[in-house]
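Worksheet: the structure to be examined is printed underneath.
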Amino acid sequence: MKRRDFITLLGGAAAWPLAARAQQPAMPVVGFLNSASADLYADAARAFRHGLSEAGYVEGQNVAIEYRWADGKYDRLPEMAADLIRRQVAVIAASGPAALPAKAATTTIPIVFTSGFDPIEAGLVAGLARPGGNVTGVSILNVEVAPKRLELLRELLPAASIMGLLLNPTNPNAEAIARSLQAAAVTLGLKLHVLHASAEPDLDRAVASLRQAQATALVIGSDPFFTTRSQQLAALTMRHAIPAIYQYREFTAAGGLMSYGGSLTDAYRLAGVYTGRILAGAKPADLPVQQSTKVELIINLKTARALGLTVPLSLLGRADEVIE
């Protein structure tokens, strides 16, 4: 063998590992599109990553995640979805109000939603067992259990005749919650005073107006905007001495009276599992929409005492957690 040929051969051999590495498939990227904020949804994001790991994907090792947080400003979601599509993410995990803008932005990139509204009625999927298209996901018990929140307040306040319902009118779930709670109010012999809030200044005005309407309690409609302002809502309801109930634990942990509803972290974990399965080759159309069935009742006994309320033992006995 000529010396020049031998050197060329050695040079080519030295380059093989680099070439092999260059041909390795790029790490898949998941777009995490959320209508809330990173700080208050940290537990939910952690649960999503846990679900991904159950499916064999660990952030930073064999999958990357691009996070997009709208901080309650829903008008930012369409551009955020478009940005993730430009980045050619492998899957978009979209929560609540983020799911519809994500679907409107692409018919090809798989989407895994997490939401409390009816995905069929909202137009996300054709059916629960056979979603069809590029969308599947996890539904959190919300509208289905919303009347129960009214019942729990009535159990705590049997003499109440007027209660308030706080809704974000920009949420696609708002009308469904209003209908179900109005029907429940009629059954319970209650008058329901509906309030709207979609920006921070609206919250104080809404809660303050309850006394004018002679409402003695408040049901807060599920919405990421409200969840990210759980501390503010807890403080407002305490300042105005209004017993209130919300869906998620964040409200009760911040000093709110009660929370009852589907588990946010359980739903996000399931969405993470589905995202991992899609990364592994499953098609959204073949993955039935899951229902997160875990429901939690949490009572803040310290808040109840501050409001001068005695929580019945029958209610305390059904609580999954009592905050002292």
Side-chain angles (χ1 to χ4, degrees), residues 96-97 115-118 121-122 140-227 229-230 232-248 250-252 256-262 295-300 303-304 307-309 311-312 315 318:
S115 76
F117 52 80
D118 185 332
E121 185 178 332
I140 306 170
L141 285 172
N142 179 11
V143 175
E144 300 89 341
V145 299
K148 185 66 177 179
R149 296 184 197 117
L150 196 63
E151 292 175 23
L152 289 167
L153 273 182
R154 182 60 182 274
E155 187 173 346
L156 182 61
L157 302 163
S161 59
I162 304 174
M163 293 189 184
L165 170 61
L166 180 63
L167 296 173
N168 181 350
T170 67
N171 191 311
N173 204 22
E175 288 187 12
I177 290 179
R179 287 195 302 269
S180 65
L181 279 174
Q182 289 285 13
V186 171
T187 301
L188 294 169
L190 288 169
K191 180 179 179 182
L192 203 59
H193 183 66
V194 180
L195 309 162
H196 291 137
S198 57
E200 280 196 27
D202 300 335
L203 295 176
D204 202 355
R205 288 194 294 267
V207 176
S209 70
L210 286 170
R211 287 302 182 193
Q212 297 174 347
Q214 298 182 320
T216 54
L218 175 66
V219 177
I220 302 171
S222 299
D223 187 273
F225 169 69
F226 296 149
T227 305
R229 286 151 181 84
S230 291
Q232 182 181 353
L233 283 166
L236 282 172
T237 52
M238 283 298 292
R239 185 193 310 162
H240 294 282
I242 297 288
I245 188 169
Y246 186 47
Q247 177 171 5
Y248 298 123
E250 286 80 358
F251 173 71
T252 320
L257 177 62
M258 286 195 296
S259 58
Y260 180 79
V295 180
E296 302 170 324
L297 169 62
I298 302 170
I299 300 172
N300 192 317
T303 299
L307 292 169
L309 299 173
V311 181
L315 198 55
R318 301 201 305 274

Per the side chain to side chain contact (heavy atoms under 4.5 Å, CB included) rule, which among Leu165, Val207, Leu210 passes with Leu195? Leu210
Report the distance from atom CD of Glu175 to atom CD of Glu121, rounding to the nearest 0.5 Å. 9.0 Å
salt_bridge(Arg318, Glu155) N-O dist < 4.0 Å: yes
Smallest separation among heavy atoms of Ser222 and Asn171, with atom names: O-ND2, 3.9 Å
Please round to the nearest 0.5 Å and tell me the distance separating atom CD of Glu296 and atom CD of Gln247. 10.0 Å
Contact summary for Pro243 and Leu309, nearest pair of heavy atoms: CG-CD1, 3.9 Å
Given side chain to side chain donor-acceptor pair (under 3.5 Å), test Glu250 with Ser230 step by step and report yes or no. CA-CA 6 Å; Glu250 286 80 358; Ser230 291; 5.7 Å; no
I'd like to check Gln232 versus Asp204 (side-chain heavy atoms, cut-off strictly below 4.5 Å). Are they in contact? no
Using every non-hydrogen atom in the two residues, find where Arg154 and Leu188 come nearest and quote the distance to one decimal. NH1-O, 2.5 Å
Between Ala178 and Leu167, what is the shortest heavy-atom contact and its length? CB-CD1, 3.7 Å
Under the 3.5 angstrom rule, does the side chain of Ser198 hit a backbone N or O of Thr170 as a donor-acceptor pair? no
Locate the shortest heavy-atom distance separating Phe225 from Asn168; write the atom from each residue and the value. CB-ND2, 3.7 Å
For Tyr260, is there any backbone N or O sitting under 3.5 Å from a side-chain donor or acceptor partner on Arg149? yes
Which heavy atom in Phe251 sits nearest to a heavy atom in Thr237, and how many Å separate them? CZ-OG1, 4.2 Å
Answer yes or no: is there a donor N or O on one side and an acceptor on the other, between the side chain of Asp202 and the main chain of Ala199, under 3.5 Å? yes
Which of these passes side chain to side chain contact (heavy atoms under 4.5 Å, CB included) with Leu150: Ile245, Thr187, Leu181? Leu181
Lys/Arg N to Asp/Glu carboxylate O, Asp223 vs Arg229, below 4.0 Å: no
